[in-house]
Amino acid sequence: MSLGPNPASLTLLENLAQFPLRSKVRFLGYIEAYHSVSSTLIVMHTTMYQSPFSSLSSSLPRKTKTASVDITIVVEQIPIGELQIGEWVNVLGYITDMQADGGTVCIQGIQIWSAGGIDLGKYERQLREKEKVDRRNLDTSPTAVNL
């Protein structure tokens with residue numbers, strides 16, 4: 001039994017709506033807006049879909065997903081340069097609410113940091129591969145096997 005905090009689930013912003021409320025998550029997105037009065041970041045990510053049968057240059061954009069991140073408890077710790085529109089950031093926090101249509105997910109941010117010069121395509125491919133492996137492991141776990 002672990003006495004430490006629960007680990008965060010690393011996921012794409014587009015998958016946040018699949019998690020239950022109060023889940024601890026980590027995701028990447030770019031700052032679309034910052035509302036200083038409410039200490040809220042609007043973070044977005046348009047993931048690219050790469051067909052396995054197409055050339056590398058023919059990625060098709062998918063629907064943009066949005067997270068509204070309350071950064072009230074960490075705003076004093078974030079360097080002002082990391083709150084610029086268009087800046088890519090990592091977000092660690094808890095899901096607090098979701099729109100019924102699966103649109104915007106509300107997050108209580110507990111840590112925000114710059115993503116730096118990330119290779120977005122590589123990040124998405126590796127995270128999708130990790131998610132496939134995780135699903136496969138769940139499908140073959142003893143509790144998932146029908147006896």
request  = Verify the cluster assignment for Val89 and Val74: are they in a single hydrophobic cluster under the rule of side-chain heavy atoms below 4.5 Å apart?
outcome  = yes

task = Would you name the heavy atoms of Ile107 and Ala67 that are closest together and state the gap between them?
result = CG1-CB, 4.3 Å

remark   = For residues 74-84, the side chain to side chain donor-acceptor pair (under 3.5 Å) pairs (sequence neighbours left out) are none

key: Residue list, side-chain hydrogen bond (donor to acceptor under 3.5 Å, both in side chains) with Thr11, at least two apart or on another chain   = Glu131

message = Test of understanding: with side-chain hydrogen bond (donor to acceptor under 3.5 Å, both in side chains), list the residues that count as partners of Ser38, not counting sequence neighbours.
response = Thr40

message = Under the rule for salt bridge (charged side-chain N to carboxylate O under 4.0 Å, His left out), what residues qualify as partners of Asp97, not counting sequence neighbours?
response = none

message = Please determine whether side-chain contact (heavy atoms from CB on, under 4.5 Å) holds for the pair Leu127 and Phe27, giving the CA-CA distance in whole Å, both sets of side-chain angles, and the decisive distance to 0.1 Å.
response = CA-CA 10 Å; Leu127 193 47; Phe27 61 95; over 6 Å; no

remark   = Hits for side chain to side chain contact (heavy atoms under 4.5 Å, CB included) against Ile110, two or more places apart or cross-chain, chain-then-number order -> Lys24, Ile73, Leu92, Tyr94

request  = Flag yes if Leu12 and Val69 sit in one hydrophobic cluster, no otherwise; membership is Ile, Leu, Val, Met, Phe, Trp, Tyr, and two members link when side-chain heavy atoms are under 4.5 Å apart.
outcome  = no

task = Return yes if some donor-acceptor pair links the side-chain N/O of Ser23 with the main-chain N/O of Ile95 below 3.5 Å, else return no.
result = no

ask   = Listed by chain and number, what are the side chain to side chain contact (heavy atoms under 4.5 Å, CB included) partners of Val133, not counting sequence neighbours?
value = Glu129, Arg136, Asn137

task = Nearest 0.5 Å please: distance from the NZ atom of Lys65 over to the CG atom of Leu16.
result = 9.5 Å

ask   = Looking only at heavy atoms, which two atoms of Val43 and Leu13 are closest? And how far apart?
value = O-CD1, 3.8 Å

request  = Mind running side-chain contact (heavy atoms from CB on, under 4.5 Å) on Glu124 and Glu14 for me, showing each step along the way?
outcome  = CA-CA 11 Å; Glu124 288 177 7; Glu14 72 180 36; over 6 Å; no

Show every donor-acceptor pair shorter than 3.5 Å between a side-chain atom in residues 116-123 and any protein atom, with sequence neighbours excluded, or say none if there are none.
residue	atom	partner	partner atom	Å
Asp119	OD1	Gly121	N	3.4
Asp119	OD1	Lys122	N	3.2

ask   = Cluster question for you: counting only ILVMFWY and a side-chain heavy-atom cut-off of under 4.5 Å, with indirect links fine, are Met44 and Trp88 together?
value = yes

query = For Asp70, which residues count as a side chain to side chain contact (heavy atoms under 4.5 Å, CB included) partner, sequence neighbours excluded?
reply = Thr72, Gln108

ask   = At what distance, to the nearest 0.5 angstrom, does CG of Asn15 lie from CZ of Arg128?
value = 7.0 Å

request  = Identify whether Leu41 and Ile85 are in the same connected component of the hydrophobic contact network (ILVMFWY, side-chain heavy atoms under 4.5 Å).
outcome  = yes

ask   = From Leu83 CG over to Ile78 CD1, what is the distance, rounded to the nearest 0.5 angstrom?
value = 5.0 Å

ask   = Listed by chain and number, what are the side chain to side chain contact (heavy atoms under 4.5 Å, CB included) partners of Asn90, not counting sequence neighbours?
value = Arg26, Leu28, Trp113, Ala115

I'd like a table of donor-acceptor pairs (distance under 3.5 Å, sequence neighbours excluded) in which one partner is a side-chain atom from residues 29-36, with atom names and distances.
none

inquiry  = According to a hydrophobic-cluster definition based on side-chain heavy atoms being under 4.5 Å apart (Ile, Leu, Val, Met, Phe, Trp, Tyr only), do Val91 and Val75 belong together?
reply    = yes

